There are 2 protein chains.
Amino acid sequence: MTAPRSALRADARRNREHLIATAAEAFASGQAISLDGIAKRAGVGSGTLYRHFPTREDLVEEVYRDQIRPLRDDARALLDAEQPAEALHAWMHRFAEWAGERRGICEALVAMSASGRFGTGPVCDEVQQVLSMVLEAGAEAGELRDDIDPVDVGSILASVLAVAGAPEQRAQLDRMLTIVVDGLRPRC
Amino acid sequence: MTAPRSALRADARRNREHLIATAAEAFASGQAISLDGIAKRAGVGSGTLYRHFPTREDLVEEVYRDQIRPLRDDARALLDAEQPAEALHAWMHRFAEWAGERRGICEALVAMSASGRFGTGPVCDEVQQVLSMVLEAGAEAGELRDDIDPVDVGSILASVLAVAGAPEQRAQLDRMLTIVVDGLRPRC
DNA sequence: ACACTAAACGGAGACGTCCCCGATTTGCTT
DNA sequence: AAGCAAATCGGGGACGTCTCCGTTTAGTGT
């Protein structure tokens with residue numbers, strides 16, 4: 001009955017998932033690791049890796065696809081507990097912390113922004129949706145402008161993190177995020 | 001009498017300057033060019049290049065050391081002609097244009113910010129000084145906050161340019177810079 | 001069960017970046 | 001003019017990215 005089979009052959013799917021798992025482990029270890037190294041660890045050729053994930057960002061996004069889910073719940077909780085602008089600020093900090101523990105994610109977001117692909121890919125997309133939600137709440141409350149593109153905010157967030165994402169730059173990052181959030185408020 | 005020797009041997013100085021000139025030419029051509037390629041073009045070994053400029057940023061900063069001077073005059077002119085906040089916004093656009101024509105400068109500024117060296121090196125330093133001047137004028141006029149660290153603003157500027165510095169992203173960059181400048185105004 | 005085809009694999013290799021080292025050259029100093 | 005320390009030369013090598021193409025394999029029809 002020609003089942004509704006997946007577009008991927010079984011071995012391809014297996015390799016793909018094994019690559020993601022291996023990459024997740026490698027990234028989590030904190031060590032810098034080459035893509036070829038990940039392929040080797042996963043026991044596949046580098047050609048296989050690049051066929052599944054043409055760019056480094058594609059792989060990174062897949063690795064963190066599941067891990068980012070909780071951040072959306074965080075956003076909802078923050079919106080319930082605080083004023084929207086403050087919730088946005090707090091969520092950005094959460095995201096900074098989340099990203100700080102995950103090698104490569106900021107660089108990937110920056111690369112996607114720079115090539116106009118922000119919002120493509122699981123992580124980007126989630127971030128964009130969260131920002132949309134919070135910005136909208138802020139606009140309704142009159143605390144944030146209503147003419148802001150979430151993509152712009154996401155791009156700024158990613159770029160600022162790329163520059164000051166290290167734990168020892170927390171204070172600087174805090175000041176920079178304050179500037180950004182204040183810039184989203186309506187002019188008086 | 002152990003003469004007041006220059007720190008550099010004459011041939012070393014010559015090579016250094018020749019490398020800068022060659023790099024300036026190569027960068028100006030718009031082509032992507034490898035550091036090894038620059039060394040080859042300059043007719044020196046790559047070892048010589050790396051001895052003079054341990055990192056790519058060191059070379060980039062030297063190449064643009066003279067070219068950035070006019071931007072300071074621009075800042076003064078803008079301050080004379082407009083309100084400080086508007087002058088800041090306009091100057092950032094000038095800088096974006098300036099940087100857009102010069103390969104590698106944004107990446108270098110980002111790298112220096114990320115490693116806490118913003119303000120080191122000729123270009124960084126000039127940017128920081130200009131920002132100081134404009135921020136101070138804005139604070140006096142009451143148009144900008146008086147508690148802003150120029151390094152933070154420079155870092156944001158560099159990071160935003162790294163993400164949206166391409167000519168075809170002008171519109172997005174414009175929106176992002178507006179957010180940043182607005183974030184520097186006092187809360188009402 | 002078997003053969004066939006398209007999909008997927010794998011790893012060698014081209015290319016670029018950057019570092020390093022030992023032999024050689026340069027140009028001060030006397 | 002000779003000695004000597006500083007600096008150069010230039011290529012080899014380690015590492016990373018990414019592509020190409022001959023070979024293998026899964027899944028289909030018979």
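Convention: sequence-line order gives letters A, B, ...; per-chain numbering from 1. It should be emphasised that the depicted structure is a prediction, and the values quoted were computed from it without experimental measurement.
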Could you list the protein-to-nucleotides 11-15 of chain C atom pairs, N/O on both sides, closer than 3.5 Å?
{"residue": "C/dG11", "atom": "O6", "partner": "A/Gly47", "partner atom": "N", "Å": "3.3"}
{"residue": "C/dA12", "atom": "N6", "partner": "A/Ser46", "partner atom": "OG", "Å": "3.3"}

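For the pair A/Lys40 NZ and C/dC9 P, the computed distance is 17 Å after rounding to whole Å. Between B/Leu49 atom CG and D/dG11 atom P the separation is 16 Å, expressed in whole Å. The distance from atom CG of A/Asp58 to atom P of D/dT17 is 14 Å, rounded to the nearest whole Å. Put simply, OH on B/Tyr50 is 16 Å from P on C/dC21, counting in whole angstrom units. Summarising the geometry, the separation between CD on A/Gln31 and P on D/dC15 is reported as 14 Å, rounded to the nearest angstrom.
Under the 4.0 Å criterion applied to side-chain N and carboxylate O atoms, A/Glu61 and A/Arg65 are not assigned as salt-bridge partners.
The side-chain contact (heavy atoms from CB on, under 4.5 Å) check on B/Ala139 picks up B/Asp146, with sequence neighbours excluded. In this structure, the side-chain contact (heavy atoms from CB on, under 4.5 Å) partners of B/Ala26, at least two apart in sequence or on a different chain, are B/Ile33, B/Ile38, B/Arg41. In this structure A/Phe95 satisfies the ring-ring contact (aromatic ring centres under 6.0 Å, His included) test together with A/Trp91, A/Trp98, sequence neighbours excluded. Shown here are the side-chain contact (heavy atoms from CB on, under 4.5 Å) partners of A/Tyr50, two or more places apart in sequence or in another chain: A/Leu35, A/Asp36, A/Ser46.
Distance from the side chain of A/Leu35 is smallest to D/dT17 among D/dT8, C/dC18, D/dT17.
For B/His93 and B/Asp174, the side-chain atoms include at least one donor-acceptor pair closer than 3.5 Å.
The stretch residues 69-79 of chain A participates, sequence neighbours left out, in these side chain to side chain donor-acceptor pair (under 3.5 Å) pairs: A/Arg72-A/Glu126, A/Arg72-A/Gln129, A/Asp74-A/Arg94.
Between A/Arg9 and D/dT25 there is no side-chain N or O to OP1 or OP2 distance below 4.0 Å. Not one side-chain nitrogen or oxygen of A/Asn15 sits closer than 4.0 Å to the OP1 or OP2 atom of C/dA8. A sub-4.0 Å separation between OP1 or OP2 of C/dC9 and a side-chain N or O of A/His52 is present.
Between B/Gly37 and B/Arg14, it is B/Gly37 whose nearest contact on DNA chain C lies nearer the 5' terminus.
Note on A/Arg16: nothing from the nucleic acid sits closer than 4.0 angstrom, heavy atoms only.
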